[in-house]
Structure formats: structure tokens, C-alpha cells
Amino acid sequence: MLKRIDVSHLSQGMFIHEFCGSWMEHPFWRTRFLLKSDHDLRRIRGSSIQEVWIDTDRGLDVAPHAPATTRSEADDAIDSALASIDAQPGALTAAPSVPSAPRRADRGPATMTEELHRASAICHTAKTAVVSMFREARMGQAIDARDAASLVEEISGSLTRNPGALISLARLKTANEYTYMHSVAVSALMVALARQLGLDAATVQQAGMAGLLHDLGKAGIADAILNKPGALTDEEFDTMRSHPALGHAMLRPCGLAPQVLDACLHHHEKIDGTGYPHRLMGSGVHLLARMSAICDVYDAITSNRPYKAGWDPSESLRRMAEWTRGHFDSRLFQAFVKCMGIYPTGSLVRLSSGHLAIVLEQSPGTLLAPRVRAFFSLSSGLRIAPETMDLSDPGCGEKILGREDPSQWNFPDLHRLWVEPGGATIAR
């Protein structure tokens, strides 16, 4: 049985099933293990993690007097909270009445299939540019902000044509290219979130710049630490935490807007003041820094890393919702969910017909009824001919019953089901 407990009630002999907080903020590369040593117990209590899930079938139970929450209760609460964003349009404060980024004649709307091809080329070019920026930073050379601005313009243009294509493609990075493509992905997420908030064109551009450059300080971190497949030592963890200050120092001579520099320095700050490097709290964290905290974490947890496989997009939003209190700005997180959809592109879902489907694209006006591609029958246990449907269509009788964990199914071609027109037909 799974129970959620405060770390003050944690003891040796308990089996930790999951940390209730960002895995980037705790000193363990594993999330499930038997707690055997007092040293590990002290490290958990000394981190920002306040609660954990324990599995009482695989380890000791909590003391009878200690409060605990069952897994199903928490899951239902999170799902209801996310669903209420769709059911209550007023859940997000009205956006300020300022113009959003202009649409140029050469940036007309495009279908997901059309934009995926262009987005793929942009991702390739962007990765090459970011690799060059990191190389120049390592050599002590100044970053040309004009080159970065041009790259953000390309990213922004793709999102104008189709909001989901580039964001979804950028998530499909390999562990080896994570450091570079993460910057591209966070830039795209920042632009999308800024537009969702109705920010003016100049601020949208600054948001994209902040996302693109926020991790440049990692150019000053040894690859042996950046790409280490196992747990970081306390000293290595401290070194990793120095990257915001390193990046800020590298970027100060580049003539960037103060808001961009601030986001690069403070994207690991938390609303409750437990972040780093300056333990800022609440409104003391600038808007772009609060936005980048959300976008940075979302891309990190949905991406494959040298030490961890990425989580499903929908599951990632559920877990981030658990961390919102104290970690993220709740209003900005609500806007982010509206931007991504409760079931983001690439999510594996279970339909009312008894079929599994992959989410292709969000439907305008609703977070709960995206376009999907059904490809597997639960009743027969067999693949079916891929069928695309828009769940928001009044004539569609299907609906999503819930998310599915891709790791429990081991489909080898999930990303190809939505990236390739018509879907894939590879046998499982």
C-alpha cells in the first residue's frame, strides 16, 4: 500500500516509492529504494523535500499516530484540480489588455503535420547554434545576443504557425543532447506561456531569450558532473547549483535586458523561499524567473536524462501540480496547463471505447478533448489500424477516461504515432 508521509516520520527500513517534489532538488538519482542508512535519512531531511510516498508492502509502515494520505486520494485531488481549470474559465485572472506578438503574412496557420517538418529543421539549426554558444562560453568569448534573438524569432514563428509542433519535437531529445536541446525547448515553452498570459511582443521575445540562455552557466560545469549517470556527491550537487550565477556572470557583458539576466540567475528560486541561489520569496522573484522555473522543470522531467528516463507529459503535469504549493506561482502554473493541455501532445490515454490512444494536438476551447490517434485495443490486447479523431467534435462519442503510464506498456513507437502522418503500424 502506498502512503504519503512527512519526512519527519520517515525512518530506516521504509521503502521510498516517490519523492513529493522535483527530483532535481534532491540528492538521489533513484526515486525508489529501501532506506537503509542514517546518512541517507539525514540527506533527505536536509533537502527541500517535505513529503515522500512509502510502499508499506516493501518496507516498514509509518507509526500509527503519524498522519498519512493514500495514493488514490491524492491522485483524485490532483486530477480534479487540473480539470477545474477547464471547467472554470475564470480560474485564471484575466490577461492584461496588451497586444500579443504580431502575426506576419509568411506565418499563417499550419497543420501539425505541415509544421512538424519545419519545426524539425528549426530544432536542428537551434541545437547547432546552442552548441556553438556553449563552446564560446567555455572559451571565455562573449555571446552575441543578436544571434540568440534571431533564433528566438525562428522559434516564435513556428509557435505562431502551430503551437504544439516544435514544443513536442523538442521534448524528443536524447540523453546525450539534453543540455543543448533543453535550452531550445524551454525557449519555446517560455514563448508559449508568455503568449498565453497576453504579454506584449517585447516581453514575449525576452521570455524566449531567457529560456534559450537560462542554462548557459552549465558551460562552466565539467561534463563529468553534467552527464554523470549515477548519484551526485554533495560537493558535485553544490557545483551544479552554481550554474545560475556562472551564467549570469557570462551574460552580463552581452547587453541583454535586465529581466532576461534576472531569469537566468533566478530560475531555480521558489515561491516559498527555499530555492537558490538567493532564496528569494513570492513577488521577490521576477515574472520571467517564475515562468522559467515552470518551463525548466516541465522540460526536464519529460526528457530522458543520463540518469533518468523522462516522464509522460500528462503525468508530469500531475506531479508538478503536487509541487505548486511553495514551488511554483499557482496562477502561472494554471496558465501553463491551459497552454499545454491537461493531456499534452504525446500523452498516452485510455478512451471510453476501451482503446489506447496517443494525443496528437490540443483542440481549441477545451483542455479535456484533444485530437488523438487510437491504436490499441485493451479487450483484444492487439494493435488496431490507427484511427485519428477529434474528441471535441460534437459527433464524436469517445472521451478520455484517464492517463496511462507508457512505461507499463513498452510500445516502441509512441512518438512516431503522432510525429508521422497516419501513424506507425509496427507490431508490439
**Report entry** His286 vs His266, ring-ring contact (aromatic ring centres under 6.0 Å, His included): CA-CA, chis, key distance, verdict
**Finding:** CA-CA 8 Å; His286 188 273; His266 293 131; 9.6 Å; no
**Report entry** pair Val184-Met181: side-chain heavy atoms closer than 4.5 Å
**Finding:** yes
Using residues 206-220 as the side-chain source, report each donor-acceptor pair under 3.5 Å to any protein atom, sequence neighbours left out, with the distance given to one decimal.
residue: His214; atom: ND1; partner: Gly211; partner atom: O; Å: 2.7
residue: His214; atom: NE2; partner: His182; partner atom: NE2; Å: 3.2
residue: His214; atom: NE2; partner: Asp296; partner atom: OD1; Å: 3.1
residue: Asp215; atom: OD1; partner: His243; partner atom: NE2; Å: 3.1
residue: Asp215; atom: OD1; partner: His267; partner atom: NE2; Å: 3.3
residue: Asp215; atom: OD2; partner: Lys218; partner atom: NZ; Å: 3.2

Query raised in the report: In Å, rounded to the nearest 0.5 Å, how long is the span from CD1 of Ile44 to CG of Leu35?
Result: 5.0 Å
**Report entry** Nearest atoms (heavy-atom pairs only) where Leu348 meets Pro406
**Finding:** CD2-CA, 3.9 Å
Query raised in the report: Considering the options Asp299, Val297, Ile301, which one meets the side-chain contact (heavy atoms from CB on, under 4.5 Å) requirement together with Ser316?
Result: Ile301
Query raised in the report: Got a second to check how far Lys228's NZ is from Glu236's CD, nearest 0.5 Å?
Result: 3.5 Å
Report task. Rounded to the nearest 0.5 Å, what's the gap from CZ on Arg43 to CG on Asp234? Could you check? Result -> 4.5 Å
Query raised in the report: With distance as the sole test, does Ser242 use its side chain to make a donor-acceptor pair with the main-chain N or O of Thr239 at under 3.5 Å?
Result: yes
Query raised in the report: Which word best sums up how the rings of Phe336 and Tyr298 line up, parallel for under 30°, tilted for 30 to 60°, or perpendicular for over 60°?
Result: perpendicular
**Report entry** Derivation of the side chain to side chain contact (heavy atoms under 4.5 Å, CB included) call for Arg331 and Leu197
**Finding:** CA-CA 10 Å; Arg331 174 180 175 273; Leu197 293 169; 4.0 Å; yes
Query raised in the report: Minimum heavy-atom separation for Asp40 to Ser37, with atom names?
Result: N-OG, 3.1 Å
**Report entry** Salt-bridge criterion met for Arg138 and Asp223 (N-O under 4.0 Å)
**Finding:** yes
Query raised in the report: Hey, is the main chain of Glu153 close enough, under 3.5 Å, to the side chain of Ser156 for a donor-acceptor pair?
Result: no
Query raised in the report: Less than 4.5 Å apart, any side-chain heavy atom of Asn162 and any of Glu114?
Result: no
Query - Contact check, side chains of Thr128 and Val131, non-hydrogen atoms, under 4.5 Å - result: no
Report summary line: Correct closest heavy-atom pair for Gly59 and Leu34 would be CA-CD1, 4.5 Å
Query - Ser183 backbone acceptor or donor facing Ser187 side chain under 3.5 Å - result: no
Query raised in the report: Given side chains that start at C-beta, do those of Leu391 and Lys399 come closer than 4.5 Å, heavy atoms only?
Result: no
Report task. Please state whether the rings of Phe375 and Phe411 are parallel, tilted or perpendicular, taking 30° and 60° as the class boundaries. Result -> perpendicular
Query - Thr203 versus Leu288, closest heavy-atom pair with distance - result: CG2-CD2, 4.4 Å
Report task. Might you work through the side chain to side chain donor-acceptor pair (under 3.5 Å) test for Arg171 and Thr345, ending with a clear yes or no? Result -> CA-CA 10 Å; Arg171 183 176 59 83; Thr345 299; over 6 Å; no
**Report entry** Rounded distance (nearest 0.5 Å) linking atom CZ of Arg45 with atom CG of Leu10
**Finding:** 6.0 Å
Query - Asp6 side chain vs His9 backbone, donor-acceptor pair below 3.5 Å - result: no
Query raised in the report: Going by heavy atoms in the side chains, are His17 and Val52 under 4.5 Å from each other?
Result: no
Report task. Evaluate the criterion side chain to side chain contact (heavy atoms under 4.5 Å, CB included) for residue pair Met1 and Asp61; output intermediate values, then yes/no. Result -> CA-CA 9 Å; Met1 181 178 180; Asp61 198 349; over 6 Å; no
Requested in this report: Return the set of residues passing side-chain hydrogen bond (donor to acceptor under 3.5 Å, both in side chains) with Asp272 (not counting sequence neighbours), or none when no residue passes.
Outcome: Thr274
Query raised in the report: Do side-chain atoms of Arg118 reach the backbone of Ser158 as a donor and acceptor pair under 3.5 angstrom?
Result: no
Query raised in the report: Would you say Leu169 and Ser120 make side-chain contact, with heavy atoms under 4.5 Å?
Result: yes
Query raised in the report: Going from CD1 on Ile16 to CD1 on Ile54, what distance comes out if it is rounded to the nearest 0.5 angstrom?
Result: 9.0 Å
Query raised in the report: Taking all non-hydrogen atoms of both residues, which atom of Ala165 and which atom of Glu115 are closest, and how far apart?
Result: CB-CG, 3.7 Å
Report task. Taking Arg371 for its side chain and Ser363 for its backbone only, find out whether a donor-acceptor pair lies under 3.5 Å. Result -> no
Report summary line: Rounded to the nearest 0.5 Å, the OG atom of Ser330 sits from the CD1 atom of Ile271 at a distance of 8.5 Å
**Report entry** Residue from Leu60, Leu2, Thr56, Asp55 passing side-chain contact (heavy atoms from CB on, under 4.5 Å) with Phe15
**Finding:** Asp55
Report summary line: Shortest non-hydrogen pair, Gln205 vs Ala149, comes out as NE2-O, 3.2 Å
Query raised in the report: Salt bridge or not for Arg319 and Glu322, using N-O below 4.0 Å?
Result: no
Query raised in the report: Sub-3.5 Å donor-acceptor pair from the side chain of Glu315 to the main-chain atoms of Asp405, do we have one?
Result: no
Query raised in the report: Who passes ring-ring contact (aromatic ring centres under 6.0 Å, His included) against Tyr343, sequence neighbours left out?
Result: none
Query - Donor-acceptor contact present, side-chain Ser347 to main-chain Pro344, <3.5 Å - result: yes
Query raised in the report: Taking the side chain as C-beta and beyond, is there a heavy-atom pair between Leu199 and Leu287 under 4.5 Å?
Result: yes
Requested in this report: Could you walk me through whether Thr111 and Glu361 pass side chain to side chain contact (heavy atoms under 4.5 Å, CB included), step by step?
Outcome: CA-CA 10 Å; Thr111 66; Glu361 193 173 7; over 6 Å; no
Query raised in the report: Is the backbone of Leu280 close enough, under 3.5 Å, to the side chain of Glu269 for a donor and an acceptor to pair up by distance?
Result: yes
Query raised in the report: Going through the distances and angles, do Leu193 and Cys295 end up as a side chain to side chain contact (heavy atoms under 4.5 Å, CB included)?
Result: CA-CA 8 Å; Leu193 179 55; Cys295 297; 4.0 Å; yes
Query raised in the report: Going by heavy atoms in the side chains, are Asp147 and Met133 under 4.5 Å from each other?
Result: no
